[in-house]
J.: 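Sharing a structure with you now.
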Amino acid sequence: MFRLRGHHLLCLLGYRGMGYSAEYAANMTRLHQTLRMAPETEILLITGPDDLCVKFPESQTYHCDDTNIHERDSAVLQKLGLRVGQSLPWSEIQQLIRENMVARDISTLCPTCPWRSYGVCEEGIEEIRAGKGLRIIDQ
């Protein structure tokens, strides 16, 4: 089981191997590839720092407790019809994304995200909607 906050459900869709540090990227790759290979893995939806935040580098400004990040988490969960404390398999989260999201939702759900300019989250939503699942990450 992985513990994830709301907006990280979308970050996983756009993940392409980049991260805030090598340690952060290695942790995200491990989590991402586990979900790709075993989509029945349970996800516990939590408030605040999660299994990805735990590897956020100390050398950078920690933003995992910022109000705008909590607001982003809530907006994503609301859009998907989910709530904090729920536990469900990644495959069900992907199905909810297919049913409730389109690529342009990223611009309203994640307007201040520094990774947004890459366009990868929009691509990720389209791939999930097409039934492709998470991408293979070349490392």
J.: Would you give me the side-chain donor-acceptor pairs under 3.5 Å for residues 111-118, sequence neighbours excluded?
T.:
unit_1, atom_1, unit_2, atom_2, d
Thr112, OG1, Arg72, NH2, 2.7
Trp115, NE1, Tyr20, OH, 3.0
Arg116, NH1, Pro111, O, 3.2

J.: Determine yes or no for a side-chain-to-main-chain donor-acceptor pair under 3.5 angstrom, with Arg16 supplying the side chain and Gly14 the backbone.
T.: yes
J.: Side chain of Asp73, backbone of His7: donor and acceptor closer than 3.5 Å?
T.: yes
J.: Search all heavy atoms of Cys110 against all heavy atoms of Leu10 and return the closest pair with its distance.
T.: SG-CD1, 4.2 Å
J.: Mind running side chain to side chain contact (heavy atoms under 4.5 Å, CB included) on Leu44 and Leu4 for me, showing each step along the way?
T.: CA-CA 6 Å; Leu44 174 62; Leu4 293 174; over 6 Å; no
J.: In terms of hydrophobic clustering (I, L, V, M, F, W, Y; side-chain heavy atoms under 4.5 Å; direct or indirect links), are Met37 and Leu31 co-clustered?
T.: no
J.: Got a second to check how far Ile125's CD1 is from Asn100's CG, nearest 0.5 Å?
T.: 11.0 Å
J.: Under 4.5 Å between side-chain heavy atoms, hopping through other hydrophobics if needed: is there a path connecting Leu12 to Leu88?
T.: yes
J.: Please list all pairs passing the salt bridge (charged side-chain N to carboxylate O under 4.0 Å, His left out) test where one or both residues lie in residues 22-35, with sequence neighbours left out.
T.: Glu23-Lys55
J.: Check the pair Gln78 / Arg83 against side chain to side chain contact (heavy atoms under 4.5 Å, CB included), numbers first and verdict last.
T.: CA-CA 7 Å; Gln78 183 177 9; Arg83 67 185 186 292; over 6 Å; no
J.: Verify, without hydrogens or angle tests, whether Asn27 (side chain) and Asp51 (backbone) share a donor-acceptor contact under 3.5 angstrom.
T.: yes
J.: Without swapping roles, check the side chain of Tyr15 against the backbone of Val120 for a donor-acceptor pair under 3.5 Å.
T.: no
J.: Less than 4.5 Å apart, side chain to side chain, heavy atoms only: is that true for Met1 and Thr41?
T.: no
J.: Tell me, please, which residues at least two apart from Asp105 pass side chain to side chain donor-acceptor pair (under 3.5 Å).
T.: none
J.: Going by an N to O cut-off under 4.0 Å, is there a salt bridge joining Asp50 and Arg3?
T.: no
J.: Ion pair present between Arg104 and Glu122, side-chain N to carboxylate O less than 4.0 angstrom?
T.: no
J.: Flag the pair Ile137 / Gln33 as yes when at least one side-chain heavy-atom distance between them is below 4.5 Å, and no otherwise.
T.: yes
J.: Within the 4.5 Å heavy-atom criterion, are Val84 and Arg5 side-chain neighbours or not?
T.: no
J.: Starting at CD1 of Ile128, measure out to CD of Glu99 and round the result to the nearest 0.5 Å.
T.: 12.5 Å
J.: State the CD1-CZ distance between Ile43 and Phe2, to the nearest 0.5 angstrom.
T.: 6.5 Å
J.: Taking all heavy atoms of Gly17 and all of Ala25, pick out the closest pair and write down the distance.
T.: O-CB, 3.9 Å
J.: Kindly work out whether a path of hydrophobic side-chain contacts (I/L/V/M/F/W/Y, heavy atoms less than 4.5 Å apart) joins Leu45 to Leu96.
T.: yes
J.: For the CG atom of Leu35 and the CD atom of Glu40, what is their distance to the nearest 0.5 Å?
T.: 11.0 Å
J.: Checking side-chain contact (heavy atoms from CB on, under 4.5 Å) against His32, which of Leu134, Leu13, Leu52 comes through?
T.: Leu134
J.: Considering only NZ, NE, NH1 and NH2 on the basic side and carboxylate oxygens on the acidic side, decide whether Lys132 and Glu126 come within less than 4.0 Å.
T.: no
J.: Provide the closest heavy-atom pair for Pro39 versus Gln94 in the form atom of the first, atom of the second, distance.
T.: CB-NE2, 4.3 Å
J.: Minimum heavy-atom separation for Val76 and Gly6, please, with both atom names.
T.: CG1-O, 3.3 Å
J.: Quick one: does any side-chain atom of Arg129 pair with a main-chain N or O of Arg98 as donor and acceptor, under 3.5 Å?
T.: yes
J.: Rounded to the nearest 0.5 Å, what separates atom CD1 in Ile46 from atom NE2 in His8?
T.: 10.0 Å
J.: Can you tell me how far the OG atom of Ser87 sits from the CG atom of Leu82, to the nearest 0.5 Å?
T.: 11.0 Å
